[in-house]
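Structure, as structure tokens:
Values below: all heavy atoms of this structure, side chains included; hydrogens, waters and symmetry mates excluded. If you read the sequence from its start, that first residue is 1, and numbering goes on from there.
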Amino acid sequence: MSGISGLRTWVVERPPAAGTAVMATAVVSIGLRLAGAEVVSRIFLVLACLAWLTLAATFVVRLAGHRDRWAEEACDPAALTAVAATAVLGTRISLLGVQPLAGALLALAALFWPVLLVSVLRHCGRRMPGTVFMCCVATQALAVLAATLARAEATAWLAHAALVLFWLGLLLYALTLPRFDSRQVLHGPGDHWIAGGALSISALAGARLISADSARLYLWNTDDSEVLHQVTAVLLVLDLVCYAVLVLAELARPRLRYGLLRWATVFSMGMTAAATLAVSAALDVSWLSGPGKVLVWVAVAVWLAAAAGAVLAWRAREAGEPGVTSTARQ
């Protein structure tokens, strides 16, 4: 009974930002697939599915038995990690060829997206942490999955819905950027990387939209296609610049202590790798493939470091070391 009680307590106490671990694992799986490492990619996919199941259990338990806390946490931008995690995992499952399950995950993510987005935007203040960009990330995650499904199923309305979400995501980035506390670049616990992750998932959405067009659908006219190409290329350039700035900031102010929000760093690095490879294929820029593959393995290394940090933090918490619990949950 004590084990069940402990598990229930662990589920109840998980913070909204726990979804970043699912996002990070799923996107690393996507990047590995795009890099051609299918076997390793599927290992990460299994891990992402297991992590998503714990996230879903937390969400359901919180919604069913702790409504007040659920409503309070729904105001936190980190709550949108549940939407983004579901959509990113759905994208990887779609790439695996299991379209019905991917479609179900899209429907589930789309169901909660407007509720959480409106709640977050209504309570959005100034000098926000990097999680404020989850408004953009969650929206673009839906766009990526919808565009991926549209290509797989030759479904025009899904592609057009993805295009609307793509432009809405860019608008949300523009609206949240002034609210981001730029000091987080030098002092943030890891979620400041989402400033770049939002750009990379936007570039990935653009690449998936371009790839969704085909002779069967004729989705975009010449002008629309040209705009998509240009915007996608600009987004990737901005993302790579942001990536470089954030790496330099990490070197200037090392933050080596593990915290939950470090999974947001892994997600953003993995998403930059995936976006680079996707844009390389969509825009036929072959020389981007090499750097993209390097970035994938960098993301894998950072994922392993974060996983090791999580295990060490858990062991220290079980041993009752002071100060560990708060640090591990940040």
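Residue pairs meeting the salt bridge (charged side-chain N to carboxylate O under 4.0 Å, His left out) criterion with at least one partner in residues 180-209, sequence neighbours excluded, are Asp181-Arg183. Within the structure, ring pair (Phe, Tyr, Trp, His ring centres under 6.0 Å) pairs that include any residue of residues 293-312 comprise Phe44-Trp303, Trp263-Trp303 (at least two apart or interchain). Sequence neighbours left out, not one pair with a member in residues 97-124 passes salt bridge (charged side-chain N to carboxylate O under 4.0 Å, His left out). Among pairs with a residue in residues 83-107, none fulfils ring pair (Phe, Tyr, Trp, His ring centres under 6.0 Å), at least two apart in sequence or across chains. Legend: ring pair (Phe, Tyr, Trp, His ring centres under 6.0 Å) pairs involving residues 170-210, not counting sequence neighbours, sorted by first then second residue: Phe133-Tyr173, Phe133-Phe180, Trp193-Tyr243. Legend: salt bridge (charged side-chain N to carboxylate O under 4.0 Å, His left out) pairs involving residues 85-97, not counting sequence neighbours, sorted by first then second residue: Glu38-Arg92.
No side-chain heavy atom of Leu121 sits less than 4.5 Å from a side-chain heavy atom of Val118. Side-chain contact check for His123 versus Asp76: every heavy-atom pair is 4.5 Å or farther apart. In this structure the side chain of Cys75 never reaches within 4.5 angstrom of the side chain of Val120, judged on heavy atoms. Between Thr86 and Thr91 the shortest side-chain heavy-atom distance does not fall below 4.5 Å. At a threshold of 4.5 Å between non-hydrogen side-chain atoms, the residues Val266 and Val27 do not count as touching. At least one side-chain heavy atom of Met23 sits less than 4.5 Å from a side-chain heavy atom of Met134. The shortest side-chain heavy-atom distance between Cys124 and Arg179 falls under the 4.5 Å cut-off. Annotation: side chain of Arg42 is in contact with side chain of Leu96 (closest heavy-atom distance under 4.5 Å).
Looking only at distances, no side-chain donor or acceptor of Ser119 sits under 3.5 Å from a matching main-chain atom of Val115. No donor-acceptor distance shorter than 3.5 angstrom exists from the side chain of Asp239 to the backbone of Leu199, with no hydrogens or angles considered. No side-chain donor-acceptor contact under 3.5 Å links Arg257 to the backbone of Arg255.
Leu168 and Leu175 end up in the same hydrophobic cluster when Ile, Leu, Val, Met, Phe, Trp and Tyr side chains are linked at under 4.5 Å. Linking ILVMFWY side-chain heavy atoms closer than 4.5 Å, directly or via other members, places Val164 and Leu209 in two distinct hydrophobic clusters. In the hydrophobic cluster analysis, where Ile, Leu, Val, Met, Phe, Trp and Tyr join through side-chain heavy atoms closer than 4.5 angstrom, Leu251 is grouped apart from Leu256. Linking Ile, Leu, Val, Met, Phe, Trp and Tyr whenever their side-chain heavy atoms come within less than 4.5 Å leaves Val237 and Leu283 in two separate clusters. Note: the hydrophobic cluster containing Leu171 also contains Val144 (ILVMFWY, side chain heavy atoms under 4.5 Å, direct or indirect links).
Across all non-hydrogen atoms, the minimal contact from Ala264 to Gly190 is CB-O, 4.0 Å. Taking both residues in full, the closest heavy atoms of Ala26 and Val88 are given as CB-CG1, 3.6 Å, listed atom of the first, atom of the second, then distance. When every heavy atom of Phe166 is checked against every heavy atom of Gly206, the shortest pair comes out as CE1-N, 3.8 Å. Nearest heavy atoms, Leu186 versus Ala249: CD2-CB, 4.1 Å. When all heavy atoms of Ala306 and Tyr258 are compared, the pair lying nearest together is O-CE1, 3.5 Å. Of all the heavy atoms in Cys135 and Leu117, the pair that sits closest is CB-CD1, 3.9 Å.
The distance from the CG atom of Leu145 to the CG atom of Leu106 is 4.5 Å, given to the nearest 0.5 Å. Separation of atoms CG (Leu158) and CG (Leu149) is listed at 6.0 Å; rounding is to 0.5 Å. Between the CD1 atom of Ile30 and the OG1 atom of Thr25 there is a distance of 11.0 Å, given to the nearest 0.5 Å. Taking CG of Leu228 as the start and CG of Leu163 as the end, the distance is 6.0 Å to the nearest 0.5 Å.
With hydrogens and angles left out, the side-chain atoms of Arg262 and Thr265 include a donor and acceptor closer than 3.5 Å. Residues Ser29 and Ser41 bring a donor and an acceptor atom of their side chains to less than 3.5 Å of each other.
Every residue two or more places apart in sequence or in another chain was checked for a side chain to side chain donor-acceptor pair (under 3.5 Å) with Thr276, and none qualifies. Applying the side-chain contact (heavy atoms from CB on, under 4.5 Å) rule to Ala35 yields the partners Leu277, Lys293, Val296; only residues at least two apart in sequence or on another chain are considered. For Ala275, the side-chain contact (heavy atoms from CB on, under 4.5 Å) partners at least two apart in sequence or on another chain are Ser200, Ala203, Leu204, Leu236. Looking at residues two or more places apart in sequence or on another chain, you find no side chain to side chain donor-acceptor pair (under 3.5 Å) involving Trp220. Under the side chain to side chain donor-acceptor pair (under 3.5 Å) criterion, Ser94 pairs with Gln99, sequence neighbours left out.
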Task: Verdict with supporting geometry, Met269 and Leu295, side-chain contact (heavy atoms from CB on, under 4.5 Å) - done: CA-CA 7 Å; Met269 297 180 79; Leu295 291 175; over 6 Å; no

Task: Residues Ile210, Thr232; criterion side-chain contact (heavy atoms from CB on, under 4.5 Å); working and verdict - done: CA-CA 9 Å; Ile210 293 168; Thr232 300; 3.9 Å; yes

TODO: Could you give me the CA-CA distance, side-chain angles and deciding distance for Phe267 and Thr81, then say whether side-chain contact (heavy atoms from CB on, under 4.5 Å) is met?
DONE: CA-CA 11 Å; Phe267 163 76; Thr81 60; over 6 Å; no

Task: Derivation of the side-chain contact (heavy atoms from CB on, under 4.5 Å) call for Val231 and Leu170 - done: CA-CA 10 Å; Val231 171; Leu170 295 183; 4.0 Å; yes

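In this structure, Val46 belongs to a hydrophobic cluster whose other members, linked by side-chain heavy atoms under 4.5 Å apart, are Leu50.
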